[in-house]
Amino acid sequence: IDENTIVKGDKYLLSRALENIIGNAIRYTPNKGNVFISVDRAVNNYSIKVRDNGIGIPSHEINAIFSPLYRGEKSRNRKTGGSGLGLSIAKQIVEKHKGDIQVWSSKNQGTVFEITLPCVNE
Ligand SMILES: Nc1ncnc2c1ncn2[C@@H]1O[C@H](COP(=O)(O)OP(=O)(O)O)[C@@H](O)[C@H]1O
Ligand SMILES: [Mg+2]
């Protein structure tokens, strides 16, 4: 990665967004599962992928997960649960930085979240 190429933004907000996504990957992946994180540079943006092979998100829930307070059916009764705010906050932060957040998932297979953020040469 070119050290002169940076993402401009609020480091506290951006790290909070990433913490939410990585925290979910850890929380929703059983012991002995894996969480992989990659960062790739494209021409005009960085792509950060957080991939896990955990419980996955059923297709009927995928459109709801970015809504404030929404928690998946399998997540609601967990003792280690969150507030259901993490992804809605992460999405707002990423969009505030003119980036994008996408998800691919299948139940019992795993999940990939991709955050793309525009970058500039300094
Ligand atoms: N990596 C993941 N694997 C499986 N389900 C996930 C993952 N990330 C998010 N989810 C689902 O999306 C829902 C919303 O996520 P989030 O807004 O962070 O709330 P929560 O506080 O429940 O973690 C979660 O309740 C969970 O059902
Ligand atoms: Mg969460």
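Numbering of ligands and ligand atoms starts at 1, following listing order.
Side-chain N or O atoms of N20 include one that pairs as donor or acceptor with a backbone N or O of G86 at under 3.5 Å. Judged purely by atom type and a 3.5 angstrom limit, S105 uses its side chain to pair as donor or acceptor with the backbone of G110. Between the side chain of S75 and the backbone N or O of R71 there is no donor-acceptor pair closer than 3.5 Å.
Using a 4.0 Å cut-off between heavy atoms, I21 makes no contact with ligand 1 at all. Heavy atoms of K74 found under 4.0 angstrom from ligand 1: none, in either backbone or side chain.
T111 counts as a contact of ligand 1, since one of its heavy atoms falls under 4.0 Å from the ligand. By the 4.0 Å heavy-atom criterion, S83 is counted among the residues contacting ligand 1. Residue-ligand proximity: F113 is placed with a non-hydrogen atom under 4.0 Å from ligand 1. By the 4.0 Å heavy-atom criterion, E73 is excluded from the residues contacting ligand 1.
Proximity of K8 to V120: side-chain heavy atoms (C-beta onward) are separated by under 4.5 Å at one or more points. Annotation: side chain of I21 is in contact with side chain of L87 (closest heavy-atom distance under 4.5 Å). Using a 4.5 Å heavy-atom threshold, the side chains of I62 and V103 count as touching. With a 4.5 Å cut-off on side-chain heavy atoms, E73 and H60 count as touching. Using a 4.5 Å heavy-atom cutoff, the side chains of F66 and S88 are not in contact. Considering only heavy atoms from C-beta on, D52 stays 4.5 Å or farther from N24 through its side chain.
The atoms of ligand 1 that sit less than 4.0 Å from any heavy atom of G82 are 21 (O). Set against the non-hydrogen atoms of I65, the atoms of ligand 1 under 4.0 Å away are 12 (O), 14 (C). Under a 4.0 Å criterion applied to the non-hydrogen atoms of I57, ligand 1 contributes the atoms 4 (C), 5 (N), 6 (C), 10 (N). Under a 4.0 Å criterion applied to the non-hydrogen atoms of A25, ligand 1 contributes the atoms 1 (N). The atoms of ligand 1 that sit less than 4.0 Å from any heavy atom of S75 are 24 (C), 25 (O), 26 (C), 27 (O). Close contacts of ligand 1 with R71, meaning ligand atoms under 4.0 Å from a residue heavy atom, involve 20 (P), 21 (O), 22 (O), 25 (O).
For residue N24, an N/O/S atom approaches the Mg ion (ligand 2) to within less than 2.8 Å.
Hydrophobic clustering, with ILVMFWY side chains joined whenever heavy atoms are under 4.5 angstrom apart, keeps I26 apart from V112.
Residue-to-ligand polar distances place L87 within reach of ligand 1: an N/O pair is separated by less than 3.5 Å. Considering both main-chain and side-chain atoms, S88 never comes within under 3.5 Å of ligand 1 through any nitrogen or oxygen pair. Taking only nitrogen or oxygen atoms, main chain and side chain alike, E61 does not reach within less than 3.5 Å of ligand 1.
Counting heavy atoms only, G84 comes closest to atom 21 (O) of ligand 1 of the residues S105, G84, G56, G86.
For the 3.5 Å distance criterion, the side chains of R41 and T5 qualify, holding a donor opposite an acceptor.
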